[in-house]
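Encoded as structure tokens, the structure appears first; notes follow it.
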Amino acid sequence: MESQADLSWLDAHYRAMPPVAALQLQPAACDGETLRLRAPLAAHVNDKDCAFGGSLVSLMTLAGWGLVTLKLREAGLSADVFVADTRVRYRAPLYADLEARAWLATGQAWPDIAAALRAHGRVSVIIAACVLMPAGGDAVRAEGRYVAIAKG
């Protein structure tokens, strides 16, 4: 389970990157398996008065990056985490504030990921993510591959 201090660290890290700070995202919660980020629709509205597709993908990407980074820190590992590729499926327009969720894709385990990073100095991690609709269901879904490279 992530502590409030970990979410504070993550929030400060996001705010230190000007393009990310402009998104006005907030780490909402992390239960140790899923990271949730929120952002106001007003900062992401497009010409159709719904959420901009690029903003949806950005929020999911940052949720995935944040989850991998937090889980590796939790395991006592220091690594640079990069997004390698992402597959996105837009399902419905979103006319509400954005809430992204990211979690480890099926078939992987955090202890195995940490062990691979320790053994090889790098590891590939598949993260699933979505942005939720207020009434249930997903506005968009993604699956991304992140690469972590050990520091030092």
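Linking Ile, Leu, Val, Met, Phe, Trp and Tyr residues whenever their side-chain heavy atoms come within less than 4.5 Å places Leu35 and Val88 in a single cluster. Linking ILVMFWY side-chain heavy atoms closer than 4.5 Å, directly or via other members, places Ile113 and Leu77 in a single hydrophobic cluster. Under the 4.5 Å side-chain heavy-atom criterion for ILVMFWY residues, a single connected hydrophobic cluster contains both Val83 and Met60. Hydrophobic clustering, with ILVMFWY side chains joined whenever heavy atoms are under 4.5 angstrom apart, keeps Ile127 apart from Phe82. Leu94 and Phe52 sit in two unconnected hydrophobic clusters of ILVMFWY residues. Membership requires side-chain heavy atoms under 4.5 Å apart, directly or through other members.
The aromatic rings of Trp65 and Tyr14 sit tilted, their planes meeting at an angle between 30° and 60°.
Heavy-atom minimum distance, Leu67 versus Trp103: CD2-CA, 3.5 Å. The two residues Leu72 and Ala79 come nearest to each other via the heavy atoms CD1-CB, 4.1 Å. Lys71 approaches Gly32 most closely through the heavy-atom pair NZ-O, 2.8 Å. Scanning all heavy atoms of the two residues, the minimum distance from Leu98 to Ala51 falls at CD1-CB, 4.1 Å. Of all the heavy atoms in Met17 and His13, the pair that sits closest is CE-O, 3.6 Å. In this structure, Leu23 and Ser58 approach most closely via the heavy-atom pair CD1-CB, 4.1 Å.
The CZ atom of Arg38 sits 8.0 Å away from atom CZ of Arg101, with the distance rounded to the nearest 0.5 Å. Taken from CD in Glu143 to CG in Asp85, the straight-line distance is 9.0 Å, to the nearest 0.5 Å. In this structure, CZ in Arg15 is found 8.5 Å from CD in Gln24, a value given to the nearest 0.5 Å. Annotation: the span from Ser124 atom OG to Leu117 atom CG amounts to 11.5 Å, rounded to 0.5 Å.
The main-chain N or O of Thr61 is found under 3.5 Å from a side-chain atom of Tyr146 such that the two form a donor-acceptor pair. Under a 3.5 Å cut-off, the side chain of Gln108 and the backbone N or O of Ile126 do form a donor-acceptor pair. Without hydrogens or angle criteria, His44 side chain to Leu56 main chain gives no donor-acceptor distance under 3.5 Å. Checking side-chain atoms of Asp138 against main-chain N and O of Leu132 turns up no donor-acceptor pair under 3.5 Å.
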Before giving the answer on side chain to side chain contact (heavy atoms under 4.5 Å, CB included), spell out for Leu41 and Asp49 the whole-Å C-alpha distance, their side-chain angles and the decisive distance to 0.1 Å. CA-CA 9 Å; Leu41 175 63; Asp49 293 325; over 6 Å; no
Side chain to side chain contact (heavy atoms under 4.5 Å, CB included) between Trp9 and Arg73, worked out: CA-CA 11 Å; Trp9 173 86; Arg73 281 174 52 97; 3.4 Å; yes
Run the side chain to side chain contact (heavy atoms under 4.5 Å, CB included) test on Tyr90 and Val131 for me, step by step, so that the C-alpha distance in whole Å, both residues' side-chain angles and the decisive distance to 0.1 Å come before the verdict. CA-CA 10 Å; Tyr90 295 95; Val131 175; over 6 Å; no
